[in-house]
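Step one of this worksheet: look at the structure below.
Order of appearance sets the numbers: ligands from 1, and atoms from 1 within every ligand. Predicted model only: the values in this text are computed from it and were never measured.
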Amino acid sequence: MERHCAFVATFMLILHLVQAQDQTGFISVDCGLPPHELPYTANPTGLVYTSDAGLVISGKLGRIAKEFETDYTTPNLTLRYFPDGLRNCYNLNVTRDTNYIIKATFIYGNYDGSDNEDPNFDLYLGPNLWTTVSRTETTEEIIHVTKSNSLQVCLVKTGNTIPFINILELRILRKNVYVTESGSLKLLFRKYFSDSGRTIRYPDDIYDREWYASFLEKNWAQVTTTEVVNVNDYELPQRVMATGATPLNNNETLNITWNVEPSTTKFRAYMHFAELQTLRANDTREFNVTLNGNYLSGPYSPIPLKAETEVHVKPEQCDDGACLLQLVKTLKSTLPPLLNAIEAFTVIDLPQVETNEDDAAAIKNVQDAYGFSKISWQGDPCVPKQYMWVGLNCNFSDDMSTPPNITFLDLSANGLTGIITHAIKNLTHLEVLVLSSNNLTGEVPEFLANIKSLMVIDLRGNNLSGSVPPSLLQKKGLMLHVDDNPHLLCTIGSCARRREGEQKSIIVPVVASIASFAVLIGAFVLFLVLRKKKASKVEGPQTSYMQRSDGKSPQPAIMTKNRRFNYSDVVRMTNNFQRVLGKGGSGIVYHGFVNGTEQVAVKLLSPSSSQGYKQFKAEVELLLRVHHKNLVGLVGYCDEGENMALIYEYMANGDLKEHLSGKRNQFILNWGTRLKIVIDSAQGLEYLHNGCKPAMIHRDVKTTNILLNEHFEAKLADFGLSRSFPTEGDSHVSTVVAGTPGYLDPEYYRTNWLTEKSDVYSFGIVLLEIITNRPVIDQSREKPYIAEWVGFMLTKGDIISIMDPGLIGDYDSGSVWKVVEIAMSCLNPSSTRRPTMSQVVIALNECLPSENSRGGASRDMDSKSSIEVSLTFDTDVSPTAR
Ligand SMILES: *[C@@H]1O[C@H](CO)[C@@H](O)[C@H](O)[C@H]1NC(C)=O
Ligand SMILES: *[C@@H]1O[C@H](CO)[C@@H](O)[C@H](O)[C@H]1NC(C)=O
Ligand SMILES: *[C@@H]1O[C@H](CO)[C@@H](O)[C@H](O)[C@H]1NC(C)=O
Ligand SMILES: *[C@@H]1O[C@H](CO)[C@@H](O)[C@H](O)[C@H]1NC(C)=O
Ligand SMILES: *[C@@H]1O[C@H](CO)[C@@H](O)[C@H](O)[C@H]1NC(C)=O
Ligand SMILES: *[C@@H]1O[C@H](CO)[C@@H](O)[C@H](O)[C@H]1NC(C)=O
Ligand SMILES: *[C@@H]1O[C@H](CO)[C@@H](O)[C@H](O)[C@H]1NC(C)=O
Ligand SMILES: *[C@@H]1O[C@H](CO)[C@@H](O)[C@H](O)[C@H]1NC(C)=O
Ligand SMILES: *[C@@H]1O[C@H](CO)[C@@H](O)[C@H](O)[C@H]1NC(C)=O
Ligand SMILES: *[C@@H]1O[C@H](CO)[C@@H](O)[C@H](O)[C@H]1NC(C)=O
């Protein structure tokens, strides 16, 4: 029997040694090792390290300073540092769905001679933050299951320090160990109990985990064995399992303490036990495990010479981040508790999934085909959004577990040569493709017609030849630009479609053709309106609450039960009409306070205003009835004979028109803020149409009726012309035409039939205004009416020159294009073919993420989003209230 055991033990040892030699699946990278250096074997581990050349496209080679060389050996001596770009990534070939240990070592070693003791940069695993490196010497380790066949380890600059890395190591673990329900395991510590001071790693540990020797406390005793401890699936090294610690005093607990930061961090502890002593018949070793005094698991008895791993199912947390793990002897136990080794990890979520794998592979192929190595083109193409590759845009869902898709590719003016690469074929979600101003040759490939989602192809300014494939010319909804390709033949219909001199832009889109039609009708109607109404403006009452924020943020209006005020109240609240906020068609707007602190805007109706009373009543009735965050709130009203006043919530930032015209501030509303404002407005309008019973039609949607509060949240104002449908069944009401020229729905004008779609039309004009920031009607323009002018420019294929030059190109063209598209559909001459406001809200919301995603891509990491900047301006820089 004994001989048999000895034989098994020897066999296992041999087996172990054989396994130990096997570095299959190991990736051991000595970062910064010059590319011509051959792989070498490092002592004492016997691990074979290779250079990082080919795994990263950027960075510079460095070496720790001479004075540090005595403290380290290879592979710690060399490093790679990344002075350029924000995100630099290692791209590693891995196996999908495999449990990996990933280790990264950072040793500053004064490599740059600047004695900078405080490195500080982020480490990302693919699109997710892994950790922040903030020590001069550290190894970070994570156990992570790969989601695809490639893995990116990215170093991200977050401040002034230049990211660097010395070693990158990957080891494959078996699948059934260190399993988590979700998240990956970031190592806190891993130790065994021995005074030897000896760190054990490969080849003793076949997975190359590093086991630090934890010195025994003075009231602990060392337990060891010379016999073989049978390992379990965790396959701990013999040297680790064959020693353990136990309290000297039989009744003492065995205490392990550590700290986690922040204190809410969830962690998992893995305790490895094996009985090393030979127990007598009447001996029992049994203990429970507690954490900060609370029962965790047990009772537990280590099995003689057999490793077992104890891990509790749920991640734990410690009060104040101070953890005290205790092994407590149970009553029946005659021996004190025993622990051989312990590991603790924090559980970190890596919620963002990588970009659609096919898209990511395709864009890499595009990159390879053109052989460019842009620093920004590293790591995941789409996420995290702030590091999205420059020239790309993606479709994101709110849910981080849906892979983003690449929808936009702009490689204009990148000096591309050769043909239009076939790799583009696999970008199956592409909506916009811009390859203009390069030196591309060859034919326009037919496969472009097969990318279903493509809406814009811009190939201007290349050296393409042959003829444009008919399938491309016939593709519905596609806008194709091929000008300035001297050798490109213009055949089959394309010439027939030529417009405006030499333009070779071919437009087949539904949108544009509808647009031009809409524009013609719109313009025609507009002229009718203008001719007929000339002097008698149909403009509704104008509200304008021009006032700077005076720093205090007004609370949302407190709705008092009785909102009818006496005229004397109005006099008091406006301090005898002291401060004028603005003048409108139907009266003057004053600043005031109710309840002493709540700021309000008080519109005093001039008795002379013709439609005054009717509109006044309409507005009071509507606003007393409806409440929505995107409709300006009515605090109260005054109706005392001649004295009529409306008391609104105060909107610190005035109206949208003022902001667009630049009258209000030096800074310009950026595209993202504009989008948010129109989304807010669209939601307000949508609520009027669908949230109110009976439905309401605003009838006077325009930029001066979109007001902004101190957070630049938009609310619709001025409901003086609003109408509700008398009964639910009716789809329209017949009324006398009212509204503002330029915003008026031509169909409504023609038929006097009012439907919600008239508001949709006006809203379309508002959209064109935020895009172009040009007057709705400008007689000096070649096409005076904005809708007509935009349609005209689009047919010329000129989307850039319709854009507000004040945006200085700082917008995402994909997002802008979508908004143009939405605006044009709102301006459809046939009201039934216009979208509903609900559809508009959804469509606009889809534009927002793609714009947000551009975020810091072109800006400094530290720069706040422009909205924040706007706010800072308004509250800090502008002079406070008079
Ligand atoms: C390299 O540095 C790491 C981190 O300080 C250390 O754990 C490791 O033992 C070093 N290896 C060598 C071979 O110097
Ligand atoms: C990664 O895999 C790709 C294709 O599967 C191969 O072309 C490339 O050379 C591999 N890279 C490394 C460093 O092994
Ligand atoms: C341990 O506790 C038991 C019961 O409380 C006691 O009888 C015994 O003397 C204690 N042993 C030591 C070594 O303190
Ligand atoms: C373990 O902690 C408990 C409570 O903090 C303490 O009473 C005990 O003396 C500690 N045991 C050892 C061996 O340090
Ligand atoms: C256990 O048995 C041994 C003899 O085998 C004896 O010396 C010892 O006192 C016993 N211990 C207890 C706690 O009964
Ligand atoms: C150990 O845990 C068991 C099971 O929860 C419990 O019954 C027992 O009282 C505990 N013993 C000690 C000493 O905490
Ligand atoms: C994003 O994807 C959704 C559905 O997957 C689609 O409806 C939407 O149009 C896409 N948005 C963009 C900007 O491509
Ligand atoms: C990306 O495209 C796939 C289909 O190819 C779709 O299932 C997924 O929802 C899209 N992702 C987003 C964010 O729209
Ligand atoms: C497109 O992707 C498929 C597999 O998804 C691949 O076989 C093919 O080679 C790719 N085509 C190009 C042109 O890259
Ligand atoms: C295109 O290539 C020609 C010569 O092949 C060169 O003269 C020209 O400058 C290139 N144009 C661009 C935009 O790179």
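At distances below 3.5 Å, not a single donor-acceptor pair connects side-chain atoms of T138 with backbone N or O atoms of F106. The main-chain N or O of A213 is never found under 3.5 Å from a side-chain atom of S194 such that the two would form a donor-acceptor pair. Using a distance-only test at 3.5 Å, with no hydrogens or angles considered, a donor-acceptor pair links the side chain of Y370 to the main chain of T421.
There is a protein heavy atom closer than 4.0 angstrom to atom 2 (O) of ligand 4.
No more than 12 heavy atoms of other residues, nucleotides or ligands lie within 6.0 Å of NZ in K452, so this atom counts as exposed by the packing criterion.
Of all protein heavy atoms, the one lying nearest to atom 12 (C) of ligand 1 is N76 ND2, 3.2 Å. Scanning all protein heavy atoms for the shortest distance to atom 10 (C) of ligand 9 gives N426 ND2, 2.5 Å. Considering only non-hydrogen protein atoms, atom 8 (C) of ligand 4 sits nearest to E252 OE1, 3.5 Å. Among all protein heavy atoms, the one lying closest to atom 13 (C) of ligand 1 is T73 OG1, 3.0 Å.
For ligand 4, the atoms closer than 4.0 angstrom to any heavy atom of Q326 are 1 (C), 2 (O), 3 (C), 4 (C). In the vicinity of T253, heavy-atom distances shorter than 4.0 Å reach the ligand 4 atoms 1 (C), 11 (N), 12 (C), 13 (C). Below 4.0 Å from some heavy atom of T139 lie the following atoms of ligand 1, by number and element: 4 (C). Counting atoms of ligand 9 from 1 in the listed order, those under 4.0 Å from a heavy atom of H422 are 13 (C). Per-residue contacts place N365 under 4.0 angstrom from the following atoms of ligand 9 (heavy atoms of the residue considered): 14 (O). Those atoms of ligand 1 that come under 4.0 Å of a heavy atom in Y212, given as number and element, are 7 (O).
The proximity of T74 to ligand 1, defined as any non-hydrogen pair under 4.0 Å, is limited to the backbone.
Between Y234 and Y207, the ring centre distance reaches or exceeds 6.0 Å. The distance between the ring centers of Y111 and F68 does not fall below 6.0 angstrom. Aromatic ring centres of F189 and Y212: separated by at least 6.0 Å. Ring centroid separation for the pair F26 and Y202 comes in under the 6.0 Å cut-off.
The shell of residues lying under 4.0 angstrom from ligand 1, judged by heavy atoms, excludes F106. Using a 4.0 angstrom heavy-atom cutoff, K425 does not count as in contact with ligand 9. Residue E217 places no heavy atom under 4.0 Å from ligand 4.
Of the listed options N219, N249, N255, N255 places a heavy atom closest to atom 6 (C) of ligand 4. For atom 4 (C) of ligand 1, the candidate residues are E137, E210, R201; the nearest heavy-atom contact is made by E137.
Using a 4.5 Å cut-off on side-chain heavy atoms (C-beta onward), Y300 and L327 make no contact. Inter-residue side-chain proximity for I406 and H429 is flagged as unmet; no heavy-atom pair is nearer than 4.5 Å. The shortest side-chain heavy-atom distance between F267 and C318 falls under the 4.5 Å cut-off.
Ligand 4 has no N or O atom lying under 3.5 Å from any N or O atom of W220, backbone or side chain.
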